[in-house]
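This report refers to the structure that appears directly beneath it.
Labels below follow one simple rule: chain letters A, B, ... track the order of the sequence lines, proteins then strands, and each chain is numbered from 1.
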Amino acid sequence: MIRPQKPKKKIGLYILIYGSLLLLYIWAFSGVPMDGFKDTAGQISKAIFSGIFSPDWDYVYLPEGEDLLRGLLDTLAIAVLGTFISAILCIPFAFWASKNMNRARFTTGTGKFMLSFIRTFPELVMALLFIKAVGPGSFAGVLALGLHSIGMLGKLFSEEVEVIDPGPSEALAATGANKIQTLRLAVLPQVLPGFISYTLYRFEINLRSASILGIIGAGGIGTPLIFAMQSRDWERVGIILLGIIVMVVLVDMISGFLRKRVV
Amino acid sequence: MSQLAEPLRPTPPRKLKLYFTIFLLALFLFASAYQTNSTFSELLTGLPNMTGLLVDMVPPNWAYINNITPAMLETIRMAVVGTTIGAVFAIPIALFSASNVFQSFWIWYPVRFVLNLVRTIPELLLAAIFVAIFGLGPLPGIFALGIFSVGIIAKLTYEAIESIDKGPLESMTAVGANKLQWIRCAVIPQISAHFITYVLYTFEVNIRAAAILGLVGAGGIGLYYDRTLGFLEYDKVSTIILFTLVVVLIIDYFSGKLREKLL
Amino acid sequence: MIEFKNVSKTYPNGTKGLKDINVTINPGEFVVIVGLSGAGKSTFLRSINRLHEVTEGEIFVGGTSITKANGKQLRRMRRDIGMIFQQFNLVKRTTVINNVLSGRVGYHSTFRTMLGIYPKADTELALQSLERVNLVEKAYTRSDQLSGGQQQRVSIARTLAQEAKVILADEPVASLDPLTTTQVMDDLKKINQELGITTIVNLHFIDIARQYATRIIGLNAGEIVFDGPVEEATDQKLAEIYGQKLETTEEEAKEVPYVATS
């Protein structure tokens with residue numbers, strides 16, 4: 001009886017792939033400074049852990065202000081406003097970048113490129129630039145989130161526009177409606193639920209971003225957090241971390257519930 | 001046309017809910033604008049600064065690329081090492097979180113709970129904490145990226161595991177495999193391709209993240225934003241931004257190609 | 001009155017959609033266009049309100065050339081031409097009455113439309129239109145909760161609210177079962193007779209065409225091959241023209257051998 005031979009693998013290709021992977025890893029790991037441990041690392045970690053498990057509850061509310069609740073409120077406000085701004089601003093981009101709204105391939109291409117350019121531009125760098133323009137504070141954070149989120153929301157919105165049923169638009173055109181009337185009455189009702197759902201999703205992401213913007217001075221809970229870290233006030237760091245986690249979890253739950261309702 | 005049918009007409013539904021939603025949204029927006037001091041006048045006064053800044057950014061200082069190339073390589077290195085560490089740790093965590101691998105609620109639920117908790121903490125915040133522990137340099141950045149990657153990879157992977165085909169699981173149980181054999185022969189082959197695409201995706205995310213970790217002193221190219229913005233050298237800032245953008249796009253392209261091949 | 005004068009349509013890939021069509025449709029007529037699939041029925045109908053552009057010749061609606069109308073004139077002319085589609089083309093997520101009211105947009109400014117507010121008279125007209133198709137009780141229901149036949153009647157109500165003088169119906173019953181087909185065709189006929197609206201319907205079932213039409217126009221490969229009153233459109237005559245029987249609702253559509261015409 002003739003037994004089938006074990007199939008030969010393309011050895012050359014495998015050597016190439018694994019070889020280059022190996023080289024990449026040797027290069028990457030050899031560059032990691034392993035002597036970078038500070039002698040105090042153990043001590044500090046212990047302090048952080050004990051701080052996180054015995055948080056500074058007094059910081060939750062201080063009558064004179066600058067407390068946890070106000071910081072979280074500020075963070076929430078930055079996320080709400082930033083998300084709203086981007087949800088409005090991305091709509092023209094979305095139509096610009098969607099295939100079924102433009103006949104010219106070129107137009108769609110430039111729209112898509114613009115959006116991916118905005119998406120790759122980190123929001124923290126945008127925040128740094130806005131701080132230079134409008135000064136440090138929450139407003140710089142709002143503008144950074146508002147601009148950066150256009151990238152992702154515009155992409156998601158344009159994909160939503162691309163899958164609509166063209167029938168109603170044709171029907172509206174046949175009644176003598178102009179372009180804008182057709183958009184309002186045939187396209188908008190079809191895409192609105194998707195737009196709202198994506199906006200809520202982006203809001204969840206923006207809330208996480210807003211909680212770190214303060215690290216570079218763009219408002220929100222990040223500012224007191226970085227101060228507490230620099231002054232090694234680990235109990236305060238603990239309560240702020242706890243506050244961020246609770247807020248994020250709560251907002252995720254509410255937003256998830258709303259998203260299920262709209263679609 | 002016909003008056004007789006008048007009483008049969010349905011009454012229009014009340015629009016109270018819609019009005020209430022709009023009112024609530026407007027309220028949120030106004031409160032947020034108030035909280036963050038966001039006004040149009042503020043924007044208008046900031047606008048000349050912004051345009052001035054943009055004008056200063058062109059042309060980019062191309063010679064500066066030589067100065068920041070080592071930092072860029074460090075950024076890539078951080079992303080490679082961080083993603084790898086994350087991927088390794090994500091495997092057991094994903095398996096423990098999957099309710100079809102460990103049927104007991106008391107195993108998968110707590111693991112998943114902790115995983116979700118970790119996922120609420122932004123990577124920059126993790127980096128700031130690790131900087132406090134280990135001091136400045138790429139090491140805290142790598143740890144932050146590692147933990148951040150565990151969050152993404154483990155979540156995506158356990159969701160993939162939960163949707164795998166049940167047949168092989170049952171047949172491995174039937175041949176009398178122990179738990180490890182069972183995982184090795186029935187689970188791993190079904191998810192390995194997904195797992196690798198998730199790792200690649202996380203690597204793409206991590207390159208972007210690594211590029212800003214330097215803002216809190218955790219290594220990589222982010223450090224240079226602080227340095228150049230502090231001296232108002234905007235032509236260098238735009239060099240950093242463009243350089244990062246190009247690297248990110250190149251890596252995205254190859255990683256995307258690879259992901260397409262795998263699935 | 002609708003007049004086709006030497007109308008031809010050539011698609012960019014060279015296919016002839018319409019070939020030198022000359023025909024006049026008089027006010028109040030109920031014309032059914034028949035023909036095999038690909039015969040140019042849809043192109044014929046859609047060139048009347050210029051959803052499709054013709055490449056040669058000219059079409060006049062009510063004495064005015066729609067072929068030469070500019071943007072604004074075209075929209076003004078389309079306002080008087082209602083259209084009914086095979087797939088109903090309603091916005092499924094919104095209420096029935098909003099769909100009916102959308103027939104009114106040609107009468108209003110863009111700004112007013114953006115706000116989505118209509119005058120009381122429009123709402124009254126929309127409700128009356130729904131009464132005519134016996135669907136007024138569904139006015140505030142979401143359109144996707146209606147059956148296919150009901151959705152098609154909503155789109156008829158939309159053309160009524162539009163106060164159209166001409167109704168074009170492109171395969172209005174192709175997606176419907178026999179019972180709802182009768183309801184929809186009855187509605188169209190009733191409107192044609194009571195309001196005197198010129199009605200032009202594309203059908204590929206010859207028996208329904210005979211039942212409702214006052215005049216039948218047969219198309220084949222973009223040319224008019226038959227034009228006359230119902231009585232003349234006998235099976236024998238049509239079989240002579242097409243070289244085969246046209247479909248009837250009694251037989252399964254797929255059994256008829258498909259003749260490539262384009």
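- Looking only at distances, a side-chain donor or acceptor of A:R208 sits under 3.5 Å from a matching main-chain atom of A:E204.
- Judged by distance alone, with hydrogens and angles left aside, the side-chain atoms of B:T75 form a donor-acceptor pair with the main-chain N or O of B:I221 at under 3.5 Å.
- Taking a cutoff of 4.0 Å between a charged side-chain nitrogen and a carboxylate oxygen, B:K155 and B:E159 qualify as a salt bridge.
- Between chain A and the residues B:N37, B:L229, B:I142, B:V248, the largest count of heavy-atom pairs under 4.5 Å involves B:L229.
- At least one donor-acceptor pair under 3.5 Å links the side chain of A:S20 to the backbone N or O of A:I17.
- Counting non-hydrogen atoms of neighbouring residues, nucleotides and ligands closer than 6.0 angstrom, the CD atom of B:E162 exceeds 12 such neighbours.
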- Query: So A:R70 and A:E66, salt bridge (charged side-chain N to carboxylate O under 4.0 Å, His left out) or not? Walk me through it.
  - Reply: CA-CA 6 Å; A:R70 262 164 268 198; A:E66 293 296 312; over 6 Å; no

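- Remark: side-chain polar atoms of B:S149 are paired, donor with acceptor, to backbone N or O of B:L145 under 3.5 angstrom.
- Of the two parts of B:T45, neither the backbone nor the side chain holds a non-hydrogen atom closer than 4.5 Å to a non-hydrogen atom of chain A.
- A:L73 touches chain B through backbone and side chain together, each having a heavy atom under 4.5 Å away.
- Looking at B:T244, there are no atoms closer than 4.5 Å to chain A (heavy atoms on both sides), in backbone or side chain.
- Summarising the geometry, atom CE belonging to B:M78 is positioned 9.5 Å from atom CD1 belonging to B:I207; distances are rounded to the nearest 0.5 Å.
- Here the side chain of A:S30 pairs a donor or acceptor atom with the backbone of A:W27 at under 3.5 angstrom.
- Of the atoms belonging to B:L43, heavy atoms from both backbone and side chain fall under 4.5 Å from chain A.
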Do any side-chain atoms of residues 116-138 of chain B form donor-acceptor pairs under 3.5 angstrom with protein atoms, and if so which ones, sequence neighbours left out?
from   : atom 1 : to     : atom 2 : distance (Å)
B:N116 : ND2    : B:R112 : O      : 3.4
B:T120 : OG1    : B:L117 : O      : 2.6

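- Using modelled atom types, no side-chain atom of B:N61 and backbone atom of B:K236 make a donor-acceptor pair closer than 3.5 Å.
- Contacts between residues 121-131 of chain A and chain B, defined by a heavy-atom separation under 4.5 Å, are made by A:F121, A:P122, A:L124, A:V125, A:L128, A:L129, A:F130.
- Interface remark: of the candidates A:L24, A:V237, A:L207, A:I245, A:I245 forms the most heavy-atom pairs closer than 4.5 Å to chain B.
- Of all the listed residues (B:V80, B:V81, B:N49), the one sharing the greatest number of non-hydrogen pairs under 4.5 Å with chain A is B:V81.
- Only the side chain of B:M57 comes within less than 4.5 Å of a heavy atom of chain A; its backbone N, CA, C and O stay farther away.
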Would you list the atom pairs, donor with acceptor, under 3.5 Å between side chains in residues 45-52 of chain A and any protein atom, with sequence neighbours excluded?
from  : atom 1 : to    : atom 2 : distance (Å)
A:S45 : OG     : A:A41 : O      : 2.5
A:S50 : OG     : A:K46 : O      : 3.4
A:S50 : OG     : A:A47 : O      : 3.0

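- Each of A:I88, A:I91, A:L115 was compared with A:I150 under the side-chain contact (heavy atoms from CB on, under 4.5 Å) criterion, and only A:L115 meets it.
- Heavy atoms closer than 4.5 Å to chain A are found in both the backbone and the side chain of B:L73.
- For chain A, the nearby part of B:I241 is the side chain; its heavy atoms alone come within less than 4.5 Å.
- With a 4.5 angstrom heavy-atom cutoff, A:L225 touches chain B only via side-chain atoms.
- Residues of residues 75-82 of chain A that come within less than 4.5 angstrom of chain B, heavy atom to heavy atom, are A:A77, A:I78, A:V80, A:L81 in numerical order.
- No donor-acceptor distance shorter than 3.5 angstrom exists from the side chain of A:S138 to the backbone of B:T36, with no hydrogens or angles considered.
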Before you tell me yes or no, could you show the steps for A:E159 and A:K155 under salt bridge (charged side-chain N to carboxylate O under 4.0 Å, His left out), namely the whole-Å CA-CA distance, both residues' side-chain angles and the distance that decides it to 0.1 Å? CA-CA 6 Å; A:E159 283 165 2; A:K155 178 172 186 274; 3.4 Å; yes

